[in-house]
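Note that these values count all heavy atoms, side chains included, but never hydrogens, waters or copies made by symmetry.
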Amino acid sequence: GMTAKQIGNLIKRSIPEFDADTFLVLAKPYEGYLFPDTYYIYENATAEGVVLQLRNTFKEKIKTELLAIQALGKTMDDVITMASIVEKEATKMEDRKIIAGILWKRLEIGMPLQVDPPFYYTLGKDSLSLTTTDLRTDTPYNTYTNKGLPPTPIGNPGLGAIEATVNPTKSKYLFYLSDKSGTMHYAVD
């Protein structure tokens with residue numbers, strides 16, 4: 001679920017000579033499509049080579065989900081953007097599937113998504129540090145003031161989040177909340 005910037009910084013910590021700035025410039029347009037996995041990267045790896053490796057792995061891994069994406073009737077961009085949110089909202093597959101179902105339902109009824117992870121992407125703030133002023137921030141990534149999905153993915157989702165997004169659990173719920181222990185609570189209203 002890391003962002004392109006986080007990936008570049010992680011590589012730079014392990015390989016000080018790695019050009020994280022160039023990596024970010026090259027990787028940013030592919031946010032969401034850089035597959036998170038364990039990679040063995042040579043010390044002389046180029047930013048271009050690493051971006052290509054991450055993108056090729058994404059293309060290979062997503063093959064297992066292509067039919068499910070078609071059956072869902074959503075575009076690849078919509079699925080990956082939603083999966084990037086689902087990735088940040090829950091860790092357990094069952095919860096991810098329920099949350100994906102809730103979020104798709106919110107879109108279908110014209111309700112704003114009202115999720116916090118895009119604020120981490122744009123403001124660097126998590127749910128606990130968000131203020132009411134933050135929730136009114138004028139950005140296309142603000143899912144409280146804008147209906148629909150953010151304009152781009154907010155990170156690079158793993159296969160589990162993608163699978164949950166294309167195989168959502170239909171439920172009566174429209175709301176959810178995670179408590180401090182990570183337990184999800186669902187509600188109709």
Side-chain angles (χ1 to χ4, degrees), residues 1-6 27-34 36 58 62 65-179 182-189:
M2 289 182 174
T3 64
K5 183 176 182 176
Q6 290 169 324
K28 190 74 170 160
Y30 301 106
E31 191 82 82
Y33 297 86
L34 306 169
F58 175 88
I62 198 70
E65 296 303 314
L66 291 177
L67 290 176
I69 291 169
Q70 283 181 328
L72 186 64
K74 308 287 184 195
T75 67
M76 177 73 78
D77 287 340
D78 285 353
V79 166
I80 299 305
T81 299
M82 180 67 82
S84 72
I85 293 170
V86 169
E87 176 85 36
K88 301 290 187 188
E89 288 287 70
T91 55
K92 296 177 187 168
M93 182 58 109
E94 180 182 346
D95 288 327
R96 285 179 171 180
K97 292 175 88 168
I98 293 170
I99 289 168
I102 290 170
L103 296 179
W104 286 127
K105 186 188 311 183
R106 287 181 183 178
L107 289 178
E108 288 171 16
I109 65 172
M111 178 182 173
L113 288 179
Q114 298 177 325
V115 292
D116 296 345
F119 291 103
Y120 181 75
Y121 186 70
T122 57
L123 301 176
K125 290 186 170 186
D126 63 16
S127 296
L128 296 175
S129 58
L130 284 174
T131 66
T132 54
T133 302
D134 294 332
L135 298 180
R136 292 189 299 271
T137 304
D138 185 22
T139 169
Y141 289 88
N142 186 332
T143 60
Y144 285 81
T145 59
N146 300 303
K147 292 182 180 179
L149 289 165
T152 67
I154 59 166
N156 295 284
L159 199 55
I162 296 169
E163 288 172 355
T165 300
V166 298
N167 298 294
T169 298
K170 293 187 186 295
S171 70
K172 60 184 178 182
Y173 305 121
L174 200 52
F175 299 93
Y176 62 93
L177 178 68
S178 175
D179 65 23
T183 302
M184 299 302 290
H185 303 274
Y186 302 99
V188 174
D189 59 19

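Panel note: side chain N156, backbone Y33; a donor-acceptor pair is recorded below 3.5 Å.
Two residues are said to be in side-chain contact when any heavy atoms from C-beta on lie closer than 4.5 Å; Y186 and D95 meet this criterion. Residues T137 and T122 form no side-chain contact, since every pair of their non-hydrogen atoms from C-beta on lies 4.5 Å or further apart. Side-chain atoms of L174 and M111, non-hydrogen and from C-beta on, do get closer than 4.5 Å to each other. Using a 4.5 Å heavy-atom cutoff, the side chains of P168 and K97 are not in contact. The side-chain heavy atoms of T3 and I154, taken from C-beta on, include no pair separated by under 4.5 Å. You'll find the side chain of I80 reaches within 4.5 Å of the side chain of F58, heavy atoms only. In this structure the side chain of E65 never reaches within 4.5 angstrom of the side chain of V79, judged on heavy atoms. Side-chain contact between K88 and Y121 is absent, with no heavy-atom pair separated by less than 4.5 Å.
The environment of I109 atom CD1 is dense: over 12 non-hydrogen atoms of other residues, nucleotides or ligands sit within 6.0 angstrom. Counted within 6.0 Å of CD on Q114, heavy atoms from surrounding residues, nucleotides or ligands total more than 12; the atom is thus considered enclosed.
Nearest approach of L34 to A4, heavy atoms of both residues: CD1-CB, 4.0 Å. Across all their heavy atoms, P157 and P36 have their closest contact at O-CD, 3.4 Å. The heavy-atom pair separating A83 from A161 by the smallest distance is O-CB, 3.6 Å. Nearest heavy-atom pair across L113 and P150 is CD1-CD, 4.4 Å.
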L177/M184 under side-chain contact (heavy atoms from CB on, under 4.5 Å): CA gap, chis, key distance, verdict = CA-CA 6 Å; L177 178 68; M184 299 302 290; over 6 Å; no
request  = Could you check E108 against K105 for salt bridge (Lys or Arg N to Asp or Glu O under 4.0 Å), going step by step and ending with a plain yes or no?
outcome  = CA-CA 5 Å; E108 288 171 16; K105 186 188 311 183; over 6 Å; no
message = As a quick check of understanding, evaluate side-chain contact (heavy atoms from CB on, under 4.5 Å) for E87 and R96, giving each step before the final call.
response = CA-CA 8 Å; E87 176 85 36; R96 285 179 171 180; 3.3 Å; yes
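The distance from the CG atom of D138 to the CG atom of N142 is 8.0 Å, given to the nearest 0.5 Å. Note that NZ of K74 is 6.5 Å distant from CG of L107, once rounded to the nearest 0.5 Å. Between the CD1 atom of I99 and the OG atom of S178 there is a distance of 7.5 Å, given to the nearest 0.5 Å. To the nearest 0.5 Å, the span separating OG1 on T132 from CG on D134 amounts to 8.0 Å. To the nearest 0.5 Å, atom CG of residue D116 and atom OG1 of residue T143 are 7.0 Å apart. Residue T139 holds its OG1 atom at 8.0 Å from CZ of F119, rounded to the nearest 0.5 Å.
Between M82 and the options I162, L103, V166, a side-chain contact (heavy atoms from CB on, under 4.5 Å) holds for only L103.
Within the structure, every pair that satisfies the side chain to side chain donor-acceptor pair (under 3.5 Å) test and touches residues 161-176, not counting sequence neighbours, is listed here: E89-Y176.
For T183, the side chain to side chain donor-acceptor pair (under 3.5 Å) partners two or more places apart in sequence, or in a different chain, are S181. With sequence neighbours left out, the side-chain contact (heavy atoms from CB on, under 4.5 Å) criterion links P140 to P151. In this structure T75 satisfies the side-chain contact (heavy atoms from CB on, under 4.5 Å) test together with D77, D78, sequence neighbours excluded. Contacts of T152 classified as side chain to side chain donor-acceptor pair (under 3.5 Å), with partners at least two apart in sequence or in another chain: Y141. In terms of the side-chain contact (heavy atoms from CB on, under 4.5 Å) criterion, residue partners of M2 (sequence neighbours excluded) are, by chain and number, Q6, I7, L10.
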